[in-house]
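Indexing begins at 1, ligand by ligand and atom by atom, following the structure's order.
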Amino acid sequence: MKQKISSYEAQPEKVNKVLLLFSGGLDTSCMIKWIEQKYDAEVITLTVDVGQPGIDLKATKQKALKLGAKKAFIVDAKKEFAQEYIAKAIKLNALYQGEYPLSTAIARPLKAKHAVKIAEQENVDAIAHGSTGKGNDQVRFDISITTLDPKMKIIAPVREWSMGRDEELKFAKKHGIPLPTNKGEYSTDENIWGKSSECGILEHPQESPPEDVFQFVTIPEKAPDKSEIVEIEFEKGIPIKLNGKLYELHKLVQKLNLIGGKHAVGIIDHMEDRVVGLKSREVYECPAATILLKAHKDLEKFTSTIHQNKVKPLIDQKWGEMAYYGLWFDPLMKSLESFADKMNEAVSGKVKVKLYKGKATVVGRESKNALYDLNLATYDKKQTFNQLASPGFIELFGLQTKLINQIQGGLDG
Ligand code: ARG
């Protein structure tokens, strides 16, 4: 066993019972056996349903039990994920480095919360998760779990086992773990807010992602030739209706994933700065997130003052960064959310978004709280804006710029 430096890492001799966050994939399946052997401990599993498309929860539970888990818990957290996590991400226009809607990042504290709850109820000594030692997810899990339960110990087998893929496949075969049907080229993570893909050819940033990466979205070349307009209605910053029909947020997001995905909306390919310092190429499919974030930002701008609109991106940027860094339970998050909540009290109205071959474009918006005033803005005769007051304003607004140019004789000469 490798040397452990942190106080929260589980020591094998002190561990008798472990709760494993189980996805049902190859890694976490091997972990059931690996923990049993290396830690000589009993394993129970938890699978949190955050809307991973195609997941068969019954089969996942059966698989865990068959591989030796003493109990296998399943928690349906789709509604909670939408209401407590996605709703915040929308109000805070959350995009890490301006591109990534944080789909994986915001699901981690939710999984940590459920894991800690069951771990305490079941009296386990440690929580195990499937993250590697190179990514952000280990940071998010370890910080969230040990913040919620400072006594809890953690096991991250991939950080410890140093098995390559071939060895892992051998280990799986030896222990009767079903081998994956795909070639396992990509490492993925899915929920209703989006899908992340890494590894394989994607590790070569100069190569464009092959079509087989995409599961949530059609590629633009195969998207319909006809555009589609969706109308989203927001109440206080939260989407409540899609095309005039009321939906609970998780259902609205799922529905919009299908519509947006069909039009190839939400493909994101960017170079990302991980918390641990690595730069990595990430490919995401986030149709609903892309559409809702665009629509929300547009409506927020429409209903807020120029001064609010200047400060809000600073709040948004900080919130997104904290969520990305795994600091969900830091009180700063609540402070930033209070700011966003207050400002979003006015963010009610409808936004029309056109979807066409990979693009989502806002093409209309309306709100009873809009600060737009047609009588002020129009170039029609009936306009009410006092144009005669403009020169007085301009004289004072440009004062310092004029002065410095006179004093210094012009900035470029
Ligand atoms: N880079 C993203 C993040 O840190 C996604 C990581 C998800 N993991 C994966 N195996 N694709 O949030």
Enquirer: Measure the spacing between CG of Leu67 and NZ of Lys33 and express it to the nearest 0.5 Å.
Expert: 6.0 Å

Enquirer: Measure the OH-OH distance between Tyr96 and Tyr325 for me, rounded to the nearest 0.5 Å.
Expert: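 The OH atom of Tyr325 is 4.5 Å from OH of Tyr96, to the nearest 0.5 Å.
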
Enquirer: Look at the rings of Phe397 and Phe393 and say which category their plane angle falls in: under 30° parallel, 30 to 60° tilted, over 60° perpendicular.
Expert: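 Aromatic pair Phe397/Phe393 classed parallel.
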
Enquirer: Distance only, no hydrogens: is a donor on one side chain within 3.5 Å (strictly under) of an acceptor on the other, for Thr384 and Asn375?
Expert: no

Enquirer: Answer with yes or no after comparing the ring centroid distance for Tyr85 and Trp193 against a 6.0 Å cut-off, counting only values under it.
Expert: no

Enquirer: Are Ser103 and Lys195 close enough that some pair of their side-chain heavy atoms sits under 4.5 Å apart?
Expert: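 No; the side chains remain at least 4.5 Å from each other.
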
Enquirer: Pairwise, report which nitrogen or oxygen atoms of ligand 1 are under 3.5 angstrom from protein nitrogen or oxygen atoms, and how far apart they are.
Expert:
| residue | atom | partner | partner atom | Å |
| --- | --- | --- | --- | --- |
| ligand 1 | 1 (N) | Glu272 | OE2 | 2.9 |
| ligand 1 | 1 (N) | Glu282 | OE1 | 3.1 |
| ligand 1 | 1 (N) | Glu282 | OE2 | 3.3 |
| ligand 1 | 1 (N) | Tyr284 | OH | 3.1 |
| ligand 1 | 4 (O) | Asn136 | ND2 | 2.7 |
| ligand 1 | 4 (O) | Arg140 | NH1 | 3.2 |
| ligand 1 | 4 (O) | Arg140 | NH2 | 3.0 |
| ligand 1 | 10 (N) | Ser187 | OG | 2.6 |
| ligand 1 | 11 (N) | Ser187 | O | 3.2 |
| ligand 1 | 12 (O) | Tyr100 | OH | 2.5 |
| ligand 1 | 12 (O) | Arg140 | NH1 | 2.9 |
| ligand 1 | 12 (O) | Arg140 | NH2 | 3.1 |

